[in-house]
*Asks:* 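Pasting a structure below so you can have a look.
Sequence lines set the chain letters: A, B, ... in the order given, protein chains first and strands last, and positions in each chain run from 1.
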Amino acid sequence: GAVVSQHPSRVICKSGTSVKIECRSLDFQATTMFWYRQFPKQSLMLMATSNEGSKATYEQGVEKDKFLINHASLTLSTLTVTSAHPEDSSFYICSATGTSGAPGTQYFGPGTRLTVL
Amino acid sequence: GNSVTQMEGPVTLSEEAFLTINCTYTATGYPSLFWYVQYPGEGLQLLLKATKADDKGSNKGFEATYRKETTSFHLEKGSVQVSDSAVYFCALSDRGTGNQFYFGTGTSLTVIP
């Protein structure tokens, strides 16, 4: 149980285009989902926290207009990188907490590697 | 505030060697502590956790004990295998901050045959 999937696993896009990444909880209801960014050989940086049906809470320094997060249902959250630029290239990882496992435990998706040319 | 300090790597060990990866934390409340493992090109997988002082988390031969007196949660394994090669992250979750996670910087482990 407690499986989180991400789609796509890898995406390459041209500079200026927008990219949408999906995060799904497959076997539990995710009341809260988190989006992280990971740079090579570094730890995870929390970008935002989203609760189902409400606006996401962004961490300081993260542009909410650039990284649009939608958590429309208890099993799906999306991250849209708008007008992507090469500096947005990174590994994006989502996680979820909810009705599965111990309270507060986050279950992570496999990540999405974004490359902006 | 909350933070996690983790032993810097990279760590290279021979197969069957003993592993210790140090992790210490600071927290304002009563955190839960976690170790996550990240294999190359993949996301993070929960390895083990402990939710209160003196708890021991264990999984796949790894174990870590929540030591409140030393604010530590060191990861150990008695005999590592090549398949244990990965990056290991120590993390804490504090109910006082809405279960937000705080990660260490990660320790890369390479086990050679």
*Asks:* Please classify the contact between B/Q38 and chain A as side chain, backbone, both or neither, with a heavy-atom cut-off of under 4.5 Å.
*Replies:*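 The side chain, not the backbone.
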
*Asks:* Does B/Y88 belong to the same Ile/Leu/Val/Met/Phe/Trp/Tyr cluster as B/V11, with side-chain heavy atoms less than 4.5 Å apart forming each link?
*Replies:* yes

*Asks:* At what distance, to the nearest 0.5 angstrom, does OG1 of A/T49 lie from CZ of B/F101?
*Replies:* 11.5 Å

*Asks:* Any chance CD of B/E8 has more than 12 other-residue heavy atoms, nucleotides or ligands included, within less than 6.0 Å?
*Replies:* no

*Asks:* Please classify the contact between A/Q6 and chain B as side chain, backbone, both or neither, with a heavy-atom cut-off of under 4.5 Å.
*Replies:*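 Contact with chain B involves no heavy atom of A/Q6 at all.
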
*Asks:* Starting from A/Y92, can I reach A/L68 by hopping between I/L/V/M/F/W/Y residues whose side chains sit under 4.5 Å apart?
*Replies:* no

*Asks:* Take atom OH in B/Y30; do more than 12 heavy atoms of anything else shown fall under 6.0 Å from it?
*Replies:*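 No - once you tally the heavy atoms of other residues, nucleotides and ligands closer than 6.0 Å, there are 12 at most.
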
*Asks:* Is the NZ atom of A/K20 crowded by more than 12 outside heavy atoms at less than 6.0 Å?
*Replies:*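 Incorrect, the count does not exceed 12.
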
*Asks:* For chain B, which of A/V4, A/L44, A/T32 has the most heavy-atom pairs under 4.5 Å?
*Replies:*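 Option with the top pair count is A/L44.
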
*Asks:* For side-chain contact (heavy atoms from CB on, under 4.5 Å), just list the numbers for A/I93 and B/E42, CA-CA rounded to whole Å, side-chain angles, deciding distance to a tenth of an Å, and then say yes or no.
*Replies:* CA-CA 9 Å; A/I93 303 175; B/E42 299 183 13; over 6 Å; no

*Asks:* Is a side-chain donor or acceptor of B/T105 paired with a backbone partner of A/S43 at a separation under 3.5 angstrom?
*Replies:* no

*Asks:* Atom CD of residue position B/Q81 - does it have more than 12 heavy atoms of other residues, nucleotides or ligands inside 6.0 Å?
*Replies:* yes

*Asks:* Using non-hydrogen atoms only, which part of B/L46 is less than 4.5 Å away from chain A: side chain, backbone, both, or neither?
*Replies:* side chain

*Asks:* Tell me whether the count of non-hydrogen atoms from other residues, nucleotides or ligands lying under 6.0 Å of NE2 in A/H85 goes above 12.
*Replies:*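 Count over threshold, so yes.
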
*Asks:* Yes or no on ring pair (Phe, Tyr, Trp, His ring centres under 6.0 Å) for A/F108 and B/Y36, after CA distance, side-chain angles and deciding distance?
*Replies:* CA-CA 10 Å; A/F108 286 80; B/Y36 282 86; 5.0 Å; yes

*Asks:* Are the aromatic rings of A/Y36 and B/F103 close, with centres under 6.0 Å apart?
*Replies:* yes

